[in-house]
Protein chains: 2
Amino acid sequence: MNRRKQEKLAKAGWKVGTAAEFLRLTPQEELYVELKASLCQQLKRQRLRSHLTQEELARRVKSSQSRIAKMERCDPSVSIDLLIRSLLAIGTTRREIARAIA
Amino acid sequence: MNRRKQEKLAKAGWKVGTAAEFLRLTPQEELYVELKASLCQQLKRQRLRSHLTQEELARRVKSSQSRIAKMERCDPSVSIDLLIRSLLAIGTTRREIARAIA
DNA sequence: CCAGTATATGTCAGCCTTGACATAATGGCA
DNA sequence: TGCCATTATGTCAAGGCTGACATATACTGG
């Protein structure tokens, strides 16, 4: 958001900030969710690249369509553990995972 | 282990194999534990580099000495989530975490 | 040898994550 | 529009993870 618009909103009584500020995350929590988000995106990218539906992917990683959807949406209920196990299950290499994280 | 010794043990009725084989891990599970092990080592390295005791580190990451010990020993009861949250808590960057994983 | 510090191991109640299921929204396509 | 495939959201019992505590073991200087 540019400065102009921000000032305009401020005049109208709004506050502008990052999602982390809004959710009152500590800097560490912020890093954590960002890192997790990278893995969520990586999972979705890998799935689309493989032309799989969530249903099909779910079968491969022995999970369910709903959980795959939550993973890709980065739902708070999914762990990095599950994300990494899912990525490994569809052939993502450590190097690729590292690349997604960095 | 060299070939000679392996044959010798085989004659004596022993089987020789990797830890993964012994524990009957699937290739994916093996990748998972290896990746986790890298993070465990990284945590220990970072702690020693910072000249912290497990007790002190535990306070920083709001955990307990026993759990830190389990993390560094790569106890099955510790999750990648906790490892990553701990690493972030002591100032490890995403890049460094990625480097440890790759 | 002992005391003191650091690390390792075992246990467990309480909370968090998971797969599964139901159901709702979304997006084409005829 | 209605139908179908896909994805999103809500819920929950069962199992996994966590911090805390107790205790054991390892290490070191005196």
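As the structure is a computational prediction, the values presented were derived from the model and not from experiment.
In this structure, D81(B) places its CG atom 7 Å from P of dT18(D), rounding to the nearest Å. Rounded to whole angstrom, the span from the NE2 atom of H51(B) across to the P atom of dT7(C) amounts to 13 Å. D75(B) places its CG atom 12 Å from the C1' atom of dT18(D), with the value rounded to the nearest Å. If you measure from atom CG of L57(A) to atom P of dA8(D), you get 12 Å, rounded to the nearest angstrom. Residue M71(A) contributes atom CE, which lies 10 Å from atom C1' of dT18(C) at whole-angstrom precision. At whole-Å resolution of the value, NZ in K70(A) and C1' in dG19(C) are 10 Å apart. Put simply, CD on Q65(B) is 15 Å from P on dA26(D), counting in whole angstrom units. Remark: P of dT6(D) and CD of E56(A) are 7 Å apart, rounded to the nearest angstrom.
By the 4.5 Å heavy-atom criterion applied to side chains, R85(A) and L88(A) are not counted as neighbours. When side chains are defined from C-beta on, L43(A) counts as touching I90(A), because their heavy atoms get closer than 4.5 Å. For the pair S77(A) and R67(A), the minimum side-chain heavy-atom distance is below 4.5 Å.
In this structure, R47(B) contributes its side chain and L52(B) its backbone to a donor-acceptor pair below 3.5 Å.
Taking only side-chain nitrogens and oxygens, R47(A) comes nearer than 4.0 Å to OP1 or OP2 of dT7(D). Listed pair S63(B) / dG19(D) meets the phosphate criterion, a side-chain N or O lying under 4.0 Å from OP1 or OP2. Distances shorter than 4.0 Å separate none of the side-chain N or O atoms of S77(A) from OP1 or OP2 on dT18(C). An OP1 or OP2 oxygen of dG10(D) is reached within less than 4.0 angstrom by no side-chain nitrogen or oxygen of R67(A).
Note that CD1 of I68(A) and CG of L57(A) are 4.0 Å apart. Values are rounded to the nearest 0.5 Å. Of the inter-residue distances, the one linking L35(B) atom CG with L31(B) atom CG reads 8.0 Å to the nearest 0.5 angstrom.
Not a single donor-acceptor contact under 3.5 angstrom links the side-chain atoms of S64(A) to the base of dC21(C). For a distance-only test at 3.5 Å, the side chain of Q54(B) fails to qualify as a donor-acceptor partner of the base of dA8(C). At a cut-off of 3.5 angstrom, the base of dA6(C) holds no donor-acceptor pair with the side chain of E55(B).
Listed candidates were dT18(C), dT18(D), dT6(D). Nearest to the side chain of S79(A) is dT18(C).
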Canonical and wobble pairing (Watson-Crick, G-U, under 3.5 Å) of DNA chain C, dot-bracket with |: ||||||||||||||||||||||||||||||
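At a threshold of 4.0 angstrom between heavy atoms, the contacts of L82(B) are confined to the sugar-phosphate backbone, with no base atom among them.
Across Q42(A), Q41(A), Q54(A), a single residue satisfies side chain to side chain donor-acceptor pair (under 3.5 Å) together with E72(A), and that is Q54(A).
With no hydrogens or angles considered, a side-chain donor-acceptor pair links S38(A) and R94(B) at under 3.5 Å.
Mapped onto DNA chain C by nearest heavy atom, R73(B) and R85(B) fall at different nucleotides, with R73(B) at the one closer to the 5' end.
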